[in-house]
Amino acid sequence: MGEMSSHQAGVIGALFLSVASSVSIVIVNKALMSNLGFPFATTLTSWHLMVTYCTLHVALRMNLFDNKPIDMKTVILFGVLNGVSIGFLNLSLGFNSIGFYQMTKLAIIPFTVLLETIFLKKQFSQKIKFSLFVLLIGVGIASITDLQLNFVGTILSLLAILTTCVGQILTNTIQKRLNVSSTQLLYQSAPFQASILFVSGPLVDQCLTKQNVFAHKYSPIISAFILLSCLIAVSVNFSTFLVIGKTSPVTYQVLGHLKTCLVLAFGYTLLHDPFTSRNIIGILIAIVGMGLYSYFYTLENKKKQGGDFSSISQNKETTPLLAAVKNMAYQDEENPDDKK
């Protein structure tokens, strides 16, 4: 009972840290990009990851956590995949309307459910599916304004959905299969995520903004906001891995839509952004969906823990989606034909 209470406290702490840090970084980045005229989102993300790695390296030197070795091929594959997904999400935003981009983000939840059902044989109850449906309807009403389709934007959105879903599923699976903490996985994968974004970021940003990030004039206030954004990003990146590792990719996406609703509400109350009755109705519906999901998820999780059902089902998983990771992590173990 003590271990269960400690686990629940850890989950609640991770969720709170994720919400607080994500909403904070949205506020800072909005000021940086909209008010100060620094539109280079992908390059900024690469700086976020570099600062995150440096911070964790200092923490490692101070013996704040242990660095458990992870197979290098697994780390590189995971890091590159997450870096590519960020690039695709930014390109999707650049080539699509805001409404279609919001549809892309909404599609991540059902697509994640589909992948976990097909490849991980994970079962989602009708109650969970219903609560997710209510949530998506609410967020859609609150955030989607226009839908303008184009071929390139649609392809980029599909690639963004696929890479994001697979990356988040692997974040959860690697931590559980290899028994590593979120800090250990983030520390080892952050350099590869940062590297691919550092190389591709300026090109992506120039394609989207028609401006060169290296030719931009960096005033003291812009530099200060960039530094603040990078410091908050350490908490965002850490809490992301922590939440996915302690819960699931679907729960993390639900939490992401809670952040969307909070950002909309914040923009209305403090920044006086345009707000309509449609936004209010959508946010209220989304909150109901989140409440239902939290209730049903907690209820079913208690039942699974009581019967030890989830651990048994996880041990039996041998799926095509995770075959690459499994082979990389256990190359010297049995079942050598899996690699084929």
Side-chain angles (χ1 to χ4, degrees), residues 7-26 45 48-49 52 78-79 81-83 85-86 88-89 102 104-117 119-120 122 124 128-129 131-136 138-139 143 160-177 180-183 185-186 189-190 193 232-263 286-287 289-298 300-301 310 314 321-322:
H7 174 74
Q8 291 176 346
V11 171
I12 293 173
L15 295 175
F16 177 80
L17 179 63
S18 180
V19 171
S21 58
S22 295
V23 173
S24 299
I25 202 170
V26 166
T45 304
H48 288 169
L49 289 163
T52 298
F78 175 76
L81 178 64
N82 278 278
S85 72
I86 294 172
F88 278 137
L89 282 170
Q102 290 295 336
T104 299
K105 292 177 68 176
L106 290 177
I108 292 175
I109 284 185
F111 201 82
T112 301
V113 170
L114 178 65
L115 286 179
E116 290 193 318
T117 301
F119 293 103
L120 301 183
K122 188 173 181 179
F124 294 88
I128 290 291
K129 292 178 181 177
S131 63
L132 291 175
F133 176 76
V134 173
L135 167 66
L136 296 178
V139 175
S143 61
I161 292 170
L162 178 62
T163 53
T164 301
C165 291
V166 174
Q168 291 180 359
I169 291 173
L170 290 180
T171 300
N172 178 272
T173 305
I174 289 174
Q175 290 185 55
K176 291 182 177 178
R177 282 191 180 277
V180 296
S181 68
S182 56
T183 309
L185 180 58
L186 178 59
S189 63
Q193 296 183 58
I232 298 174
V234 176
S235 178
V236 172
N237 291 325
F238 173 73
S239 62
T240 296
F241 278 62
L242 191 62
V243 169
I244 296 176
K246 285 184 173 294
T247 56
S248 70
V250 173
T251 299
Y252 176 73
Q253 285 299 323
V254 171
L255 190 68
H257 291 305
L258 170 61
K259 300 170 192 174
T260 300
C261 293
L262 290 175
V263 169
I287 290 174
M290 292 173 203
L292 290 173
Y293 176 81
S294 300
Y295 175 74
F296 293 139
Y297 178 85
T298 303
E300 294 181 8
N301 198 41
S310 61
Q314 285 175 1
L321 177 64
L322 301 174

Quiz item: Rounded to the nearest 0.5 Å, how far apart are CD1 of Ile12 and CG of Leu17?
Solution: 13.5 Å
Practice problem: List the steps, then state whether side chain to side chain contact (heavy atoms under 4.5 Å, CB included) holds for Phe124 with Val250. | Solution: CA-CA 11 Å; Phe124 294 88; Val250 173; 4.1 Å; yes
Quiz prompt | Side-chain heavy-atom pair Val26, Ser22 within 4.5 angstrom cut-off | solution = no
Quiz prompt | Main-chain N/O of Ile128 paired with Ser131 side-chain donor or acceptor, under 3.5 Å | solution = yes
Exercise. Find the distance between CD (Gln175) and CG (Leu242) and round it off to the nearest 0.5 Å.
Key: 8.0 Å
Exercise. May I ask you to check whether Thr247 and Tyr252 show a side-chain donor-acceptor distance below 3.5 Å?
Key: no
Quiz prompt | Under 3.5 Å: donor-acceptor pair, side chain of Ser18, backbone of Ala14 | solution = no
Self-check item: Main-chain N/O of Val236 paired with Ser239 side-chain donor or acceptor, under 3.5 Å
Solution: yes
Exercise. Indicate the atoms forming the closest heavy-atom contact of Asn172 with Ile244, along with that distance.
Key: ND2-O, 2.7 Å
Self-check item: Gap between atom CZ of Phe16 and atom CG of Leu255 - 0.5 Å precision
Solution: 12.0 Å
Self-check item: Value rounded to 0.5 Å, distance of OG in Ser294 from CG in Leu15
Solution: 8.0 Å
Quiz item: So which heavy atom on Thr52 is nearest to which on Val234, and how close?
Solution: OG1-CA, 3.6 Å
Quiz item: Is there a side chain to side chain contact (heavy atoms under 4.5 Å, CB included) between Val134 and Tyr293 once you walk through the steps?
Solution: CA-CA 9 Å; Val134 173; Tyr293 176 81; over 6 Å; no
Quiz item: Side chains of Ile25 and His48: closer than 4.5 Å at any heavy-atom pair?
Solution: yes
Quiz item: CG/Leu162 to CD1/Ile108 distance, rounded to the nearest 0.5 angstrom?
Solution: 11.0 Å
Self-check item: Minimal non-hydrogen separation, Pro249 against Gln168, with atom names
Solution: CG-O, 3.5 Å
Self-check item: CZ on Phe78 to OG on Ser189, rounded to 0.5 Å
Solution: 5.0 Å
Quiz item: Between Val166, Thr164, Thr171, which is the residue that forms a side-chain contact (heavy atoms from CB on, under 4.5 Å) with Leu81?
Solution: Val166
Quiz prompt | Where Ser21 and Ile232 come nearest, the two heavy atoms and their spacing | solution = O-CG2, 3.5 Å
Quiz item: Taking side chain as C-beta onward, heavy atoms only, is His257 less than 4.5 Å from Leu106?
Solution: yes
